[in-house]
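All chains are named by letter (A, B, ...) in the order of the sequence lines, taking the proteins before the strands, and each is independently numbered beginning at 1. Basis for what follows: all heavy atoms, side chains included, without hydrogens, waters or symmetry-related copies.
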There are 2 protein chains.
Amino acid sequence: MDDTKIRNMEEFSSVSGISRPTVSKYFNDPASVRPSTRLRIEDALRRYDFRPNIFAVNQNRKLTKTIGILVPYLADPFFAEIVRMIERLCIAAGYWPIVFSAHGEVELENNALSTLESLRPAGALIAPLGRTSDVDAVRRFTEAVPTVVFDSHVPVGRAFVGSNNFQSIPLMVEYLCRSGEPPCFFEMPPVNPNANKRREAYRQAMERQGFDPMVFKVEARGWDFERTGFEEGGRLIAERAFPTNTILCSNDRLAIGLLSAAYQKGFRVGRGEGCALRIAGHDDHPWSRFSCPPLTTVAQDYRSIAETSVQTLFRVIDGAEAAAEGPDRPEVLFDGKLIMRASA
Amino acid sequence: MDDTKIRNMEEFSSVSGISRPTVSKYFNDPASVRPSTRLRIEDALRRYDFRPNIFAVNQNRKLTKTIGILVPYLADPFFAEIVRMIERLCIAAGYWPIVFSAHGEVELENNALSTLESLRPAGALIAPLGRTSDVDAVRRFTEAVPTVVFDSHVPVGRAFVGSNNFQSIPLMVEYLCRSGEPPCFFEMPPVNPNANKRREAYRQAMERQGFDPMVFKVEARGWDFERTGFEEGGRLIAERAFPTNTILCSNDRLAIGLLSAAYQKGFRVGRGEGCALRIAGHDDHPWSRFSCPPLTTVAQDYRSIAETSVQTLFRVIDGAEAAAEGPDRPEVLFDGKLIMRASA
DNA sequence: ACGATAAATTTACGCGCGCAAAGTTACATG
DNA sequence: CATGTAACTTTGCGCGCGTAAATTTATCGT
């Protein structure tokens, strides 16, 4: 490894013995040059380790190799996990994923979109805040950047990939009804469209089963779901406000908070003898299997959502996807899977 | 809002009536131009919404406004939370944070460092993998980019900010010793330097108290700590392998897994009558207060670590920090705070 | 109203690379 | 060995902006 610094492609081309345009061609696609010259370039690369200046590259290329990823709250285990998968898939496909989090705030979401757009990415995978999003800003972004929307159902972009709340919630409702008292529904703060969809799915499922829906909505507390489940849910438990012994929470984090409250108040949770409550969740967060008792929930298909989102985006980028954009774009919904554990 | 697209600063300067160099000056520092011309520019900005091309800007500026953040595993709640804070502090200071995760793998860490370096960031905040890092690669990076290392104690960069394991662990050990049986130590897979430091801190603390250290090390399982705590810890509990009823886990995630195993095996955890085990953790993860029972732990000072890291980096960037680099760089360690909850 | 000074303008160059056109060389085929 | 084509080289322009030098204009105090 020679330690003379290579300042630019000009210098590198001279030490490698290959002309600059050919070197440029190599960096855009190593397979596009003759094997013998490829060897000479890669030999020089080993001796001098040079990388083209990203800024100069991206300034001149029409299409960058960047892929933007935007999530509403990266500290949420669901998004942390899905981002992890998406990033790996992008890297494997030769793209540069770059992650932004809105941290639950519209201004930060708009900032991120704006920054992202100015990076001129080849495409973007976004899960908007949803209800609190500046929808016009999001739409403007999706009109400038090929975008796949995931998880948060907002009618923009070139495709939507998410989970089928109208299958997964009824699946759980039916299970709970046939195995005990019908569930009431403990709703998460409506930070995104899933909150409303799940409540509606619950309503419909209950009516189909011939029961009256019982929905409990509490003060919004942003993304601090465990706390909401613990404090508000705990209060409802203590007040005996829930009309049945079975509580379906609109997501696992809420359920984990509620589970904690039940534990501390001495209510035994589970489906066996001597249990005062059944508590179920939704999503199968990475830590749900370690709650006490382990949480019965509906698993979202993380892997499929990540893979389909990424593959769909690649097809859009390659122009292989139909042109429909906005409300009529294609949607892919994955079914949830009942995960039977001890809590319900 | 006029919808004629502005293609570059040239066009924008003509519609705003201000010359391009002055416009350029404005974008580098809005306060550097006369108030009257600033008004004219911002008026045009409202009518045309133009943003300088990032790539062109960064290609020419010696110093970009980018700040790189690298963590070993973004799906870990500790890093998710600390990144959230760091990002906000960077944005507030007018920088562009950009987050990378090594996802627990050296190759991805090296990739991230390489990508990051080619972005020519103003500075970087990194928590290397540590034990498994390619230390030479990390060092090369820190020699090219002003870097503050946090959490993961690796002797490179311009400063280290972390928590003082040799204060926090003894704090917990002393509490456990004076309130019951002396603790054994359940060690996390050695994914980073904290693992070893905490074990050593435990050893020293126990000896100072006049007890024999009892360390339990299990098969490494990467970053899936809850699972390790649940499976391996559960096995140790079932085999009655722990010589005392008190177990100090080297982090909260491990403790949460162990708590879950104890629950399922019917061992009551806590410090009251009828409890078979005491379990304590370290870090005070966001979800530790919602475990069953709530976890007694040592809180890392998230806020101070984030703020000090960022502020130190800014001082290094501004050249206000001493030049020491590598092993002799300054270190700031924050004390942990005992968080008494019900598990120990 | 005047000069002093600050700020804006004009002009020009450079950053590092993508890309196109024209000419040259390498390589496979018969 | 002639031939065709694929790959390479040379040359040169352009991307959008930072920045410097020289010049002109605006602003302020007296």
By nearest nucleotide on DNA chain C, pick out whichever of Lys25(B) and Ser24(A) is the more 5' one.
Lys25(B)
So Glu109(A) and Ser133(A), side chain to side chain donor-acceptor pair (under 3.5 Å) or not? Walk me through it.
CA-CA 8 Å; Glu109(A) 177 164 285; Ser133(A) 276; 2.5 Å; yes
Need one value for [X]: base, sugar-phosphate or nothing, where a base atom within 4.0 Å counts as base even if backbone is also close, heavy atoms only.
X        : answer
Phe27(A) : nothing
Thr37(A) : sugar-phosphate
Asn28(B) : sugar-phosphate

Atom pair distance, as rounded to whole Å: [atom1] in [X] and [atom2] in [N]:
X        : N       : atom1 : atom2 : value
Phe12(A) : dC17(C) : CZ    : P     : 11 Å
Glu11(A) : dC15(C) : CD    : P     : 11 Å
Arg51(A) : dC17(C) : CZ    : P     : 12 Å
Arg40(A) : dA26(C) : CZ    : C1'   : 12 Å
Asn53(A) : dG16(C) : CG    : C1'   : 6 Å
Phe55(A) : dG18(C) : CZ    : P     : 14 Å
Met9(B)  : dT10(C) : CE    : P     : 16 Å
Arg38(B) : dA7(C)  : CZ    : P     : 14 Å

Can [X] and [Y] be counted as an ion pair, charged N to O under 4.0 angstrom?
X         : Y         : answer
Arg315(B) : Asp318(B) : no
Asp43(B)  : Arg40(B)  : no
Glu81(A)  : Arg84(A)  : yes
Arg158(A) : Glu143(A) : no

Along DNA chain D, 5' to 3', what are the outermost nucleotides having an atom less than 4.0 Å from a heavy atom of chain A?
dA7(D) to dG16(D)
Would you kindly compare Arg34(B) and Pro52(B) by the position of their nearest DNA chain D nucleotide and give the one closer to the 5′ end?
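On the 5' side of the pair lies Pro52(B).
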Does the base of dG14(C) carry an N or O that pairs as donor and acceptor with the side chain of Asn60(B) under 3.5 Å?
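Such a pair exists between side chain and base.
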For the base of dG16(C), is there a side-chain donor-acceptor partner from Arg20(A) under 3.5 Å away?
no
Donor-acceptor pair, Ser16(A) side chain versus Phe12(A) backbone, under 3.5 Å?
yes
Determine the interplanar angle of the Phe160(A) and His153(A) rings, folded into 0 to 90°, and report it as parallel if under 30°, tilted if 30 to 60°, perpendicular if over 60°.
perpendicular
